[in-house]
Amino acid sequence: MRRTLPLNKRGLNFETLMWLFTRLSALGMYAFILMGAIGALIMGARTQMNMADLMRWSFMPNTTHVQNTNVLDLSMWSNPFWKVSASLLYLLAMAHGVHGLVVVCDDYIAGATGRKIVRFLSIVVMVVMGPIGLMVIWA
Amino acid sequence: MGLNRNVSLNTGLQYKGREPMLTFVLHRIGGLGIVVFVGTHILSSFIGGQLGHAGNVVYESWIFQIIIFFCATFHAINGLRITILDLWPPLIEHQREAIWIEFAVFIPLYLIAVYVIIHTALGG
């Protein structure tokens, strides 16, 4: 039995789009994490890193995450390719996480005003934390 | 509106949702843990100096790493299950089996990571 409505019979509002975005950004983050893990293995992680360090690098391919491992030459690990993918992963994860916070708040804040305040604060957090994170990656 | 459920906290705590509820609770705790950790981690890296270094001491302690690895790996693996079941709705019929597969992947992966973290912390 098919219990789900077809797409054209569902209302397509902002919340629905964000529901879809949450799923698609999860897949996107998986792609970045896989890319980070495979890239690290190509760059010599098999003999220079343990699994926890490899996962730390994969979750965020930032040079500072390999500083305490046995990797000696960091130049390959800090090239523009990794900085761009770290930035994209960061922006994707930030939007995913801030929307997650809004969803959690909506479970406990039912009033229209409260929900408006939550949405306003979520935009403030994104505008402030976005550039800060990018500066940490690029500086 | 969502909050008028007329259910007391005590009744709520007695609700037995089994595996789906367990994964929901852990997914939420893990997500909030990641937000708090990543947010403060970025801020301490951005501030730098004495205060930022104090943050790094916390993040590099093995107890903290065990907690945050739980949050991150569980949220990632459970999120993949939710994504697959939501984007391919017919699969929802197998959601209990999906949760068992999820734990079959998560528990060994997490235990290996915990072993490596403790092994490294003990100077191995």
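Lettering follows sequence order; numbering is per chain, from 1. Values reported hereafter were calculated over all heavy atoms of this structure, with side chains retained and with hydrogens, waters and symmetry mates removed.
Between chain A and the options B:Ile112, B:Val116, B:Asp86, B:Ile34, the largest number of non-hydrogen pairs under 4.5 Å is found for B:Asp86. For the set A:Ile132, A:Val98, A:Asn50, A:Ile137, the count of heavy-atom pairs under 4.5 angstrom toward chain B peaks at A:Ile132. Of the listed residues (B:Leu32, B:Leu87, B:Ile117), the greatest number of heavy-atom pairs within a distance under 4.5 Å of chain A belongs to B:Leu87. Most heavy-atom pairs under 4.5 Å with chain A, from the set B:Thr83, B:Val114, B:Ile84, B:Ile68: that is B:Thr83.
How far CZ of A:Arg23 is from CG of B:Leu80: 12.0 Å, rounded to the nearest 0.5 Å. From B:Tyr110, atom OH reaches atom CE of A:Met55 across 10.5 Å, with rounding to the nearest 0.5 Å.
When all heavy atoms of A:Val136 and B:Ser45 are compared, the pair lying nearest together is CG1-CB, 3.8 Å.
One hydrophobic cluster, built from ILVMFWY side chains closer than 4.5 Å, holds both B:Ile67 and A:Phe59.
Of the two parts of A:Leu24, only the side chain, counted from C-beta on, holds a non-hydrogen atom closer than 4.5 Å to a non-hydrogen atom of chain B. Of the atoms belonging to B:Ile47, not a single heavy atom falls under 4.5 Å from chain A. When heavy atoms are compared at a cutoff of 4.5 Å, B:Phe69 approaches chain A solely by way of its side chain, counted from C-beta outward. Only the side chain of A:Leu20 comes within less than 4.5 Å of a heavy atom in chain B; its backbone stays farther off.
Counted within 6.0 Å of CH2 on A:Trp138, heavy atoms from surrounding residues, nucleotides or ligands total more than 12; the atom is thus considered enclosed. Summarising the local packing, OH of A:Tyr30 is surrounded by more than 12 heavy atoms from other residues, nucleotides or ligands at distances under 6.0 Å. Residue B:Glu97 qualifies as enclosed at atom CD: its count of foreign heavy atoms under 6.0 Å is above 12.
Side-chain atoms of B:Arg28 and A:Asp107, non-hydrogen and from C-beta on, do get closer than 4.5 Å to each other. Between A:Met129 and B:Leu43, some side-chain heavy-atom pair lies under the 4.5 Å cut-off.
Classified by interplanar angle (parallel below 30°, tilted 30° to 60°, perpendicular above 60°), the ring pair A:His65/B:His41 is parallel.
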